[in-house]
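Values below: all heavy atoms of this structure, side chains included; hydrogens, waters and symmetry mates excluded. Because the structure is predicted, anything quoted here is derived from the model rather than measured.
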Amino acid sequence: MATTRSSAKQKQSVQTPGPLISRPLMPRDYGIPKDKKGLLPWSHVTERMQAAKVYWVCTVSPDGHPHATPVDGVWVDDCLYFGGSPQTRRHRNLAANPAACIHLESGSDVVILHGKVRELRAPARTLTTRLAAASKEKYGYGFTPEQYETMPGVLEFSPRLVLAWNKFPKDVTRFQFQRDEGSES
């Protein structure tokens, strides 16, 4: 079936380019392979992010103190969506500095994401419908699309650098999105 020009444009606006996949920069003593054999696919990260019930959100306070809190959330289109009261330390930190690090709970099947957070303001109904459905499926409850559209404190985390492994050091993999503004690890 032929794709119409308007549906092709819609697909282009919805799809995001995948990350660049490589080895991270780590001390030689760690034994990270130099070749690409054993690199994890992006689907490894996506599957773990979708399945996780708890995400650790790490922020930095305006006076430089680190802060980590567990949150529930949903992974949609390579972004993590989570919420909470705008009065929480986490939200106040992110209002002052949108940089964040997200970790999953496992110390052996590791996923670490670095990126930025932004508060959703008047999100599109297509997104809020997907967020409501994803939360209901994952947790058995969730906000309605209308609630997502009007409530304060719903945040979107977009990763720019991701590290993952489950057979250290053989499969240590770095994923970098084109939106990356600097280089790390």
Side-chain angles (χ1 to χ4, degrees), residues 13-14 16-20 22 24-26 42 45-46 48-107 109-132 134-135 138-139 141-165 173-185:
S13 65
V14 171
T16 56
L20 300 172
S22 63
L25 303 174
M26 290 189 172
W42 179 243
V45 172
T46 297
R48 275 135 196 90
M49 292 299 290
Q50 287 173 337
K53 298 285 187 184
V54 175
Y55 307 87
W56 282 90
V57 177
C58 306
T59 63
V60 178
S61 68
D63 62 359
H65 288 87
H67 181 75
T69 54
V71 300
D72 61 357
V74 292
W75 182 256
V76 174
D77 294 335
D78 293 339
C79 289
L80 177 65
Y81 295 88
F82 61 96
S85 169
Q87 265 78 78
T88 64
R89 167 53 54 202
R90 173 183 64 245
H91 275 60
R92 290 180 294 153
N93 287 349
L94 290 167
N97 179 353
C101 183
I102 308 291
H103 292 253
L104 297 184
E105 292 184 298
S106 177
D109 192 357
V110 175
V111 177
I112 303 167
L113 304 96
H114 298 266
K116 291 194 175 187
V117 172
R118 72 178 182 99
E119 185 173 356
L120 292 184
R121 296 174 194 249
R125 174 58 62 103
T126 54
L127 175 60
T128 62
T129 299
R130 293 179 71 205
L131 294 176
S135 183
K138 182 185 238 183
Y139 298 106
Y141 61 88
F143 297 111
T144 65
E146 295 79 15
Q147 288 172 312
Y148 273 115
E149 290 168 18
T150 59
M151 65 191 307
V154 178
L155 303 175
E156 176 189 71
F157 170 83
S158 299
R160 63 179 174 75
L161 175 79
V162 180
L163 299 173
W165 64 83
T173 306
R174 173 181 54 192
F175 303 90
Q176 286 183 289
F177 282 88
Q178 298 288 336
R179 59 184 169 253
D180 190 12
E181 297 166 3
S183 63
E184 291 183 34
S185 297

- Message: Could you work out, with salt bridge (Lys or Arg N to Asp or Glu O under 4.0 Å) as the rule, every residue matching D72, not counting sequence neighbours?
- Response: none

- salt bridge (Lys or Arg N to Asp or Glu O under 4.0 Å) against R118, all qualifying residues, sequence neighbours excluded: E156

Between [atom1] on residue [X] and [atom2] on residue [Y], distance to nearest 0.5 Å:
X: Q176; Y: H114; atom1: CD; atom2: NE2; answer: 11.0 Å
X: F175; Y: R160; atom1: CZ; atom2: CZ; answer: 16.0 Å
X: I102; Y: F157; atom1: CD1; atom2: CZ; answer: 4.5 Å

- Message: Show every salt bridge (charged side-chain N to carboxylate O under 4.0 Å, His left out) that has at least one partner inside residues 84-101, sequence neighbours left out.
- Response: none

Hey, does the side chain of [X] reach the backbone of [Y] with a donor-acceptor pair shorter than 3.5 angstrom?
X: K53; Y: K138; result: yes
X: T128; Y: R125; result: yes
X: E119; Y: G153; result: yes

- Query: Mind checking what makes side chain to side chain contact (heavy atoms under 4.5 Å, CB included) contact with H91, not counting sequence neighbours?
  - Reply: T88, L155

- Stepwise side chain to side chain contact (heavy atoms under 4.5 Å, CB included) test for L104 and Y55: CA-CA 5 Å; L104 297 184; Y55 307 87; 3.6 Å; yes

- Item | Smallest separation among heavy atoms of L94 and A99, with atom names | CD2-O, 3.8 Å

- Item | Heavy-atom closest contact (T144 atom, A132 atom, distance) | C-CB, 4.1 Å

What I'd like to find out is whether the side chain of [X] reaches to under 4.5 Å of the side chain of [Y], using heavy atoms alone.
X: L163; Y: V110; value: no
X: L131; Y: L120; value: yes
X: K116; Y: S158; value: no
X: P62; Y: N93; value: yes
X: R174; Y: L25; value: yes

- Excluding sequence neighbours, so at least two apart, what forms ring pair (Phe, Tyr, Trp, His ring centres under 6.0 Å) with Y148? F143

- Item | By ring pair (Phe, Tyr, Trp, His ring centres under 6.0 Å) - contacts of W75 (at least two apart) | none

- Task: Take F177 and D78 through the test side chain to side chain contact (heavy atoms under 4.5 Å, CB included) and record every step on the way to the result.
- Result: CA-CA 10 Å; F177 282 88; D78 293 339; 4.3 Å; yes

